[in-house]
Amino acid sequence: MWHLARVKRTYLASFILALSGVAGFVTPGFVSAQAGGARTGAAPPFPAPPGSSPAGSLAYSCGVPPMPLEPGATPQQAIFPPGQYPVSLPAASLLGARNDLPNSYQPGVDFGELPAGRKWGSTASVTTGPDNTIWVIDRCGNSGAGGTTCGGASATVNPIFQFDTSGKLLKTFGAGMFVSPHKLTVDEAGNLWVADNGSHQIFKMDPNGRVLLTLGKKGVAGPGTDEFDAPTEVAVASNGDIFVADGHTGGGLAIGNARVVKFDRNGKFLKTWGKKGMGPGEFDVPHTIAIDSRGRVFVGDRQNNRIQVFDQDGKFVAQWFQFGRPSGMYIDRRSDTLYVADSESRDGRTNTGRNALAQTGYGFNPGIRRGIRIGSARDGAVRSFIPDPCPYPYASGSSMAEGVTVDSQGNVYGADFLMDVRKFVLTRGRQTN
């Protein structure tokens, strides 16, 4: 197993990049991010994963653009040599998320024994089944999100995988079922729930992929009680009630759904709450959703850089900024330990010579280090932190885990938009609350 422990980059002459424990690493030719497609060309300024790794071609890139600036081009920003960037992150972000918490985990290792010739595509989702198996869904081996990542030629590629905790592949399926899957949830009965933000639909399946229930209208984005607009994730209550985080569209803008939609166990619409905004009970890209042991609904309100907590009728309980910008959440209901993946927080700085902050301000969360924060769903205390090995300032939109889960031994798994799934082994006793 290989891991990315530290990456530094610059465009002054060439990027100086290293893999922890790997001496004399030579970057090979560029490999296309598309499943099954490879092309030879100029080497990108970052290491490619070793051939034995299941990681996709961008997994060790930290989001650095694949090609450096053209010779003589004027950088959009000043560029500094590795280790000499004059701005550093504080101990706590401007919204109060700690960057200096202890890390109880070993560096992440690439996870999963994939079928021959298959590498991870972009993924936002990894979760744990009631039998302690690890489930992952990716974009059919492709780099990207939304659109039709599992369409066209990729419709023959399986996006769903089940592994044991050692990474042994147990089953894979799902080819041709989705347009662009976002997150996968496993309920207490072992059924799978897929939010497909490409088709604007929710699918309930048994563990072998047989569809049991479908919500939403394929290809139709809307605000109706039987419609979604790029739904992101599903959470299922103990009584079977279904909660859908709805609204990946229009981050930082005034368009698109921004709500939670509640159904009964049979898919009958019950209610909805939320709208686009920044106040309590309002959302801007509700990107992830989970339920704790008390039945409270946690919504990762990503563009607002917070978690909001509600009862199951949508009554606002609390908002928490201390876990960072939530791309993914997982609550271990046995202990109410809350795991939150922040893959996107950034300011305007990049040290690549290029700007990487949208005019909408999407992703803006200054002073915070990306990574996985771990704490209590009961009181919001954050106790430990698995930091992103990619250095500040961040090169582009996403790095490290966008989805997160934990196994029964306390080991953490992260699903990366940059085409990887990584396992972080607990080193100092099980996390408890």
Considering only heavy atoms from C-beta outward, does the side chain of [X] approach that of [Y] to under 4.5 Å?
X    : Y    : answer
Y60  : D110 : yes
I307 : L338 : yes
Q409 : T165 : no
E282 : F316 : no
S199 : M177 : no
I202 : V194 : no
I242 : V234 : yes
L184 : W193 : no

| Between R333 and D292, is the closest basic N to carboxylate O distance under 4.0 Å? | no

| Thinking salt bridges, do R369 and D388 make one under a 4.0 Å N-O criterion? | no

Would you say the side-chain atoms of [X] and [Y] include a donor-acceptor pair closer than 3.5 Å?
X    : Y    : result
D246 : N257 : yes
Q77  : N355 : yes
Q106 : T427 : no
R354 : Q76  : no
S345 : N365 : yes
T128 : D407 : no
D229 : T249 : yes
T337 : D332 : no

| Hey, what's the ring geometry for Y85 with F80, parallel, tilted or perpendicular (30° and 60° as the breaks)? | perpendicular

| What orientation do Y339 and Y330 show, parallel under 30°, tilted 30 to 60°, or perpendicular over 60°? |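 Rings of Y339 and Y330: tilted, 30 to 60°.
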
Measure from the side-chain N and O atoms of [X] to the backbone N and O of [Y], and report whether any donor-acceptor pair falls under 3.5 Å.
X    : Y    : result
D284 : G277 : no
R139 : P181 : yes
K276 : G250 : yes
D301 : P326 : no
Q322 : G380 : yes
S122 : G144 : yes
S93  : G96  : yes
S399 : C62  : no
S327 : D342 : no
E233 : A245 : no

| task | Walk me through it: do F283 and V260 pass the test side chain to side chain contact (heavy atoms under 4.5 Å, CB included)? | result | CA-CA 9 Å; F283 306 107; V260 174; 4.1 Å; yes

| Taking the six-membered ring of Y394, is NZ or CZ of R370 closer than 6.0 Å to its centre and within 45° of its axis? | yes

| task | With R373 as the cation and F385 as the aromatic partner, state whether NZ or CZ is under 6.0 Å from the six-membered ring centre and within 45° of the axis. | result |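 Verdict for F385: a cation-pi partner in R373.
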
Mind listing the closest non-hydrogen atom pair of [X] and [Y] along with its distance?
X    : Y    : result
I372 : A401 : CD1-CB, 3.9 Å
R383 : S376 : NH1-CB, 3.3 Å
F321 : L95  : CB-O, 3.5 Å
I289 : A235 : CG2-N, 3.7 Å
S57  : P49  : O-CD, 4.0 Å
I368 : G324 : CD1-CA, 3.5 Å

Output the distance between atom [atom1] ([X]) and atom [atom2] ([Y]), rounded to the nearest 0.5 Å.
X    : Y    : atom1 : atom2 : result
S343 : D416 : OG    : CG    : 8.5 Å
M400 : S398 : CE    : OG    : 11.0 Å
Y392 : L89  : OH    : CG    : 5.5 Å
F173 : I160 : CZ    : CD1   : 4.5 Å
D138 : F417 : CG    : CZ    : 12.0 Å
F46  : L58  : CZ    : CG    : 5.5 Å

| message | Evaluate W320 against R306 for side chain to side chain contact (heavy atoms under 4.5 Å, CB included), listing each step before the verdict. | response | CA-CA 5 Å; W320 294 345; R306 64 183 175 180; over 6 Å; no

| Set of salt bridge (charged side-chain N to carboxylate O under 4.0 Å, His left out) partners for E344, sequence neighbours left out |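 With sequence neighbours excluded, E344 shows a salt bridge (charged side-chain N to carboxylate O under 4.0 Å, His left out) to R302, R325, given in chain and number order.
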
| query | Which residue pairs satisfy the salt bridge (Lys or Arg N to Asp or Glu O under 4.0 Å) criterion with at least one member in residues 192-202, sequence neighbours excluded? | reply | none

| said: For R98 and F323: C-alpha separation, side-chain torsions, deciding distance, then whether side chain to side chain contact (heavy atoms under 4.5 Å, CB included) applies. | reply: CA-CA 8 Å; R98 303 297 308 185; F323 284 89; over 6 Å; no

| field | Pairs flagged by side-chain hydrogen bond (donor to acceptor under 3.5 Å, both in side chains) wherever residues 167-185 is involved - sequence neighbours left out | value | T149-S180, K171-N208, H182-H287

| message | Pair V404, Y413 - check side chain to side chain contact (heavy atoms under 4.5 Å, CB included), show working. | response | CA-CA 6 Å; V404 63; Y413 303 76; over 6 Å; no

| What about the rings of F310 and W273, do their centers lie closer together than 6.0 Å? | yes

| Centroid-centroid distance, F111 to F163, less than 6.0 Å | yes

